[in-house]
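A short write-up of the structure that comes next.
Atom set for the values below is all heavy atoms of this structure, side chains included, hydrogens, waters and symmetry mates excluded. Naming convention: chains lettered A, B, ... in sequence-line order (proteins, then strands); numbering from 1 in each chain. Because the structure is predicted, anything quoted here is derived from the model rather than measured.
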2 protein chains.
Amino acid sequence: MTPRETPLTREEILGAAIALIDAKGTDALSMRKLAGALGVEAMTLYHHFPSKDAILDGVVARVFGEMRIPEPFPEEWMAMAEEMFVAFRRVLVEHPGTIGLLARRPLNTEDSADFVEAPLAVLARSGLPAERIGQLYQSLVAYSFGHAFIASDRPIAPADSALRTDEVRYPTARATGRAISSFDEPTFRETLGHIMRGFAGG
Amino acid sequence: MTPRETPLTREEILGAAIALIDAKGTDALSMRKLAGALGVEAMTLYHHFPSKDAILDGVVARVFGEMRIPEPFPEEWMAMAEEMFVAFRRVLVEHPGTIGLLARRPLNTEDSADFVEAPLAVLARSGLPAERIGQLYQSLVAYSFGHAFIASDRPIAPADSALRTDEVRYPTARATGRAISSFDEPTFRETLGHIMRGFAGG
DNA sequence: TGCCTACCCTTACGCTGTAAGCCTTACGAT
DNA sequence: ATCGTAAGGCTTACAGCGTAAGGGTAGGCA
């Protein structure tokens, strides 16, 4: 096989991996298929990443790198934190396939530490004692993550699952008549507010 | 090989599957290993379940079947709902390996519909309009699920991951100095209350 | 010229889920 | 008593997986 004209780069590989995951789901990402999409053999990828897990870690880091908080920043700490968690949820909903990834390799990489520390710094402006801030942070992360997880209504289960995809009914879908979607952002914001005001002793 | 003295049963298979998942994680559950634990060959399992996915669905149903709400039932709807979601979280934390399963095959089976309808019925006692009840239910499920997911501090990633397990630091662990654990149930209950009171217009 | 390094390749191993088909035992009907 | 059928187990086989091991070839530098 004729080699590629330009050498592969880490970024190129991560881009292809995200595209593949977004298009076909996590299960569709195999080393052979990823390499195939790049016009290369599977083992070539091991020159750029030590393992598949390392690629997945890179994918998570890249997705987090896309997180943007809309300017201008609100002054008030609750509004600021709300924007940060909305951004968190939005990036997860935009890349539903990566949610399961994030689930079991949460911010393994160095540079994603910012996305942990930044919201904590904002919550600290509330003046609550440190322990309460930790609990509040926990609650907000858990809620945002869970919401994004359920909101990724495209089931990540393979299409040839034992059950036909058409028949799958999610709890909320069955209960409320529709799945959670990105249009639920207002409810998401509202609940964030309830949690924060609750902790702030409102 | 001499055949087993007693025929296999569906329940026996599910029990072995849950034991395997609890002990070694989801990744350790392969048809061959599960069959081996039962003293049987892999293909034998296909006499009792049409596919591996069907076994996983059965596992989820069984785990949900373990959900118990402590008696006596509280009268007040908020207290009642709180107990239900605490039970939900508790069962997930007790079987951390199944959380990822539940994630992508949420209540596929028929008999688990109860676990969807029952909390909704309780929330309906609040007298809120139907749409608000749906949103509240969404929020509570998302929070409970996310909390349980993060609380399963045993990372489901295989031990031979690219990163040593010892080095894995979860956001909350790094931030607060410890991981979420089952001892966080008080905070869990508190946040459930904040969400419910927020929706109830408290 | 010779060597080193970067980059890509091929081959191979043990694992996965499961399709296909064979063998034995148990049982109900003729 | 004999047969048909079904249940429940087995073996074999296939395509796909992650990756260990090692070979080749091109460009840069001594």
Starting at atom CD of Glu41(B), determine the distance to atom P of dT18(C), rounded to an integer number of angstrom. 16 Å

Qualifying residues under side-chain hydrogen bond (donor to acceptor under 3.5 Å, both in side chains), relative to Arg132(B), sequence neighbours excluded: Glu190(A), Gln135(B)

One character per nucleotide, please: for nucleotides 12-28 of chain D, 5' to 3', B when the base has a protein heavy atom closer than 4.0 Å, S when only the sugar-phosphate does, - otherwise. -B---BBBBB-------

Glu82(B) meets the side-chain hydrogen bond (donor to acceptor under 3.5 Å, both in side chains) criterion, sequence neighbours left out, with Arg189(B)

Rounded off to whole Å, could you give me the CD1-to-C1' distance for the Ile13(B) and dG9(D) pair? 12 Å

Is there a side-chain contact between His48(A) and the phosphate of dC8(C), meaning an N or O under 4.0 Å from OP1 or OP2? yes

Ring pair (Phe, Tyr, Trp, His ring centres under 6.0 Å) partners for Phe188(A), two or more places apart: Tyr143(A), His147(A)

Give the rounded distance in Å between these two atoms: CG of Leu38(A) and C1' of dC7(C). 14 Å

Who are the side chain to side chain contact (heavy atoms under 4.5 Å, CB included) partners of Glu71(B), not counting sequence neighbours? Phe73(B)

If you compare all heavy atoms of Ala148(A) against all heavy atoms of Ile99(A), which two are closest, and at what distance to 0.1 Å? O-CD1, 3.4 Å

With a 4.0 Å cutoff (strictly under), does any side-chain N or O of Thr44(A) reach OP1 or OP2 of dC9(C)? yes

Rounded to the nearest angstrom, tell me the gap between atom CZ in Phe49(B) and atom P in dG8(D). 13 Å

Listed partners of His95(B) passing side-chain hydrogen bond (donor to acceptor under 3.5 Å, both in side chains), at least two apart: Asp22(B), Glu66(B)

